[in-house]
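Below: one structure, written as structure tokens.
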Number of protein chains: 2
Amino acid sequence: MPKLKTINSEVLLNKQLKDTEFRKEYDALAEEYELAGEIIRLRKKSGLTQRQLAELAGTSQPSIARLESGEYTNLTLSFLRKIGRALGVIPEIHFRKLGNVHN
Amino acid sequence: MPKLKTINSEVLLNKQLKDTEFRKEYDALAEEYELAGEIIRLRKKSGLTQRQLAELAGTSQPSIARLESGEYTNLTLSFLRKIGRALGVIPEIHFRKLGNVHN
DNA sequence: TTAGAATATACCAATTTTGATATATTTTGT
DNA sequence: ACAAAATATATCAAAATTGGTATATTCTAA
């Protein structure tokens with residue numbers, strides 16, 4: 001998975017987003033960061049520290065840190081469910097059609 | 001009398017669905033089967049056999065069969081992305097609040 | 001019914017996440 | 001600035017998925 005370079009120009013980014021290959025990578029990365037951010041939001045909304053959430057979920061603080069860092073892109077659904085259960089939510093997977101350039 | 005039996009089963013199911021513990025398990029399972037079903041639908045919509053999808057995704061027919069059977073509940077997101085890419089879709093994860101009927 | 005395709009199951013090795021612990025770094029409050 | 005809490009990083013073992021191959025079962029059309 002090619003790493004996204006930090007790009008200063010939004011124009012360039014928008015241009016690249018129209019390239020389907022680039023778009024796929026971008027969407028995948030965005031999804032991961034979104035996921036990590038969502039978990040952080042949920043945890044803070046619950047007023048929990050990583051350690052507390054770990055305790056509730058039956059895992060360790062470093063595992064939560066790893067999850068929130070987005071370090072692992074290959075998380076298992078069971079792990080996500082475990083965390084979700086501790087936060088009172090259930091992860092759902094939906095498939096979104098890849099954006100067609102022509103519409 | 002099969003009809004009566006079905007009705008009783010539904011009554012029992014509704015009763016059980018009110019039990020939170022049971023509910024969690026049920027939701028998790030439903031989600032998994034939903035996911036497997038979704039993939040089957042997408043594959044057939046594309047007119048692909050398991051072998052063809054496997055080829056496109058860079059995996060094997062048995063792996064697709066496993067995925068569609070819902071055998072493994074602990075799928076990795078990377079695997080789902082791989083399959084999704086071959087089907088022209090991207091898997092997205094959202095967290096749904098648990099338990100409350102009113103959302 | 002029968003042959004061939006499609007799908008499901010079985011098995012084991014390989015890869016990767018997760019578990020677990022220790023420790024470092026950053027943040028927060030006083 | 002200091003101390004304590006919170007978070008991030010590192011390392012290695014354990015557990016689970018995935019890869020790959022072979023084979024069995026089911027489905028489909030002639």
Side-chain angles (χ1 to χ4, degrees), chain A residues 1-4 6 24-25 28-29 31-87 89-93 95, chain B residues 24-25 28-87 89-93 95:
Chain A
M1 182 112 81
K3 234 177 197 171
L4 278 178
T6 303
K24 286 176 188 172
E25 305 294 346
L29 280 175
E31 161 63 25
E32 286 154 22
Y33 285 119
E34 235 249 336
L35 180 59
E38 184 68 16
I39 289 167
I40 295 175
R41 271 192 295 278
L42 285 169
R43 174 173 64 80
K44 300 208 163 166
K45 200 154 119 186
S46 299
L48 298 172
T49 66
Q50 288 185 348
R51 181 171 307 280
Q52 290 171 326
L53 173 55
E55 180 105 9
L56 281 175
T59 184
S60 63
Q61 178 269 325
S63 289
I64 302 294
R66 270 198 302 218
L67 170 62
E68 293 186 353
S69 75
E71 182 180 349
Y72 286 110
T73 69
N74 305 350
L75 300 165
T76 62
L77 296 190
S78 65
F79 187 68
L80 279 182
R81 288 200 193 92
K82 185 192 281 190
I83 304 305
R85 186 162 51 236
L87 290 170
V89 295
I90 276 187
E92 291 183 330
I93 292 93
F95 290 102
Chain B
K24 287 175 189 171
E25 304 295 343
L29 280 175
E31 162 61 27
E32 286 154 22
Y33 286 121
E34 235 251 336
L35 179 60
E38 184 67 14
I39 289 167
I40 294 176
R41 269 191 296 279
L42 285 168
R43 175 174 64 79
K44 298 209 163 165
K45 199 155 120 186
S46 299
L48 298 172
T49 67
Q50 288 185 347
R51 180 171 307 279
Q52 289 171 326
L53 172 56
E55 181 103 11
L56 281 175
T59 183
S60 62
Q61 177 268 325
S63 289
I64 302 293
R66 270 198 303 218
L67 170 63
E68 293 186 352
S69 75
E71 183 180 347
Y72 286 110
T73 68
N74 305 350
L75 300 165
T76 61
L77 295 190
S78 65
F79 187 69
L80 279 183
R81 289 200 193 92
K82 185 191 281 190
I83 304 304
R85 187 163 50 237
L87 290 170
V89 294
I90 277 186
E92 291 182 330
I93 291 94
F95 290 103

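Just so it is clear, the model here is predicted, and its values are computed rather than measured. The basis for the numbers below is simple: all heavy atoms, side chains too, and nothing from hydrogens, waters or symmetry mates. Chain letters run A, B, ... following the sequence lines, proteins first, then strands; residues in each count from 1.
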Atom [atom1] of [X] to atom [atom2] of [N]: distance rounded to whole Å?
| X | N | atom1 | atom2 | value |
| --- | --- | --- | --- | --- |
| Leu77(A) | dT17(D) | CG | P | 10 Å |
| Glu55(B) | dT21(D) | CD | P | 13 Å |
| Leu67(A) | dA8(D) | CG | P | 11 Å |
| Ile39(B) | dA8(C) | CD1 | P | 13 Å |
| Lys82(A) | dA15(D) | NZ | C1' | 11 Å |
| Phe79(B) | dA16(D) | CZ | P | 18 Å |

Validation row: Leu67(A), Leu80(A) side chains within 4.5 angstrom (heavy atoms):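 They are in side-chain contact.
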
Which residue lies more 5' along DNA chain D, comparing Pro62(B) with Leu75(B) via nearest heavy atoms: Leu75(B)

N/O (side chain, [X]) to phosphate O (OP1/OP2, [N]) under 4.0 Å:
| X | N | value |
| --- | --- | --- |
| Asn74(A) | dT17(C) | yes |
| Thr76(B) | dT18(D) | yes |
| Arg43(B) | dA6(C) | no |
| Lys44(B) | dA6(C) | no |
| Ser63(B) | dG19(D) | yes |

Flag if over 12 foreign heavy atoms under 6.0 Å of CD, Glu55(B): no

Other residues, nucleotides, ligands: >12 heavy atoms within 6.0 Å of Gln61(B) CD: yes

Neighbours of DNA chain C within residues 47-54 of chain B, by heavy-atom distance under 4.0 Å: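 Thr49(B), Gln50(B), Arg51(B) - these, ordered by number, are the residues of the stretch whose heavy atoms sit under 4.0 Å from the strand.
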
hbond_proxy Gln61(A) side chain to dA6(D) base (donor-acceptor, 3.5 Å cutoff): no

Angle by which the axis turns from one end of the helix from dT1(C)-dA30(D) to dT30(C)-dA1(D) to the other, five pairs per end, to 10 degrees: 60°

Touch class at under 4.0 angstrom, heavy-atom based, for Thr59(B) against every strand present: sugar-phosphate

Touch class at under 4.0 angstrom, heavy-atom based, for Ile64(B) against every strand present: nothing

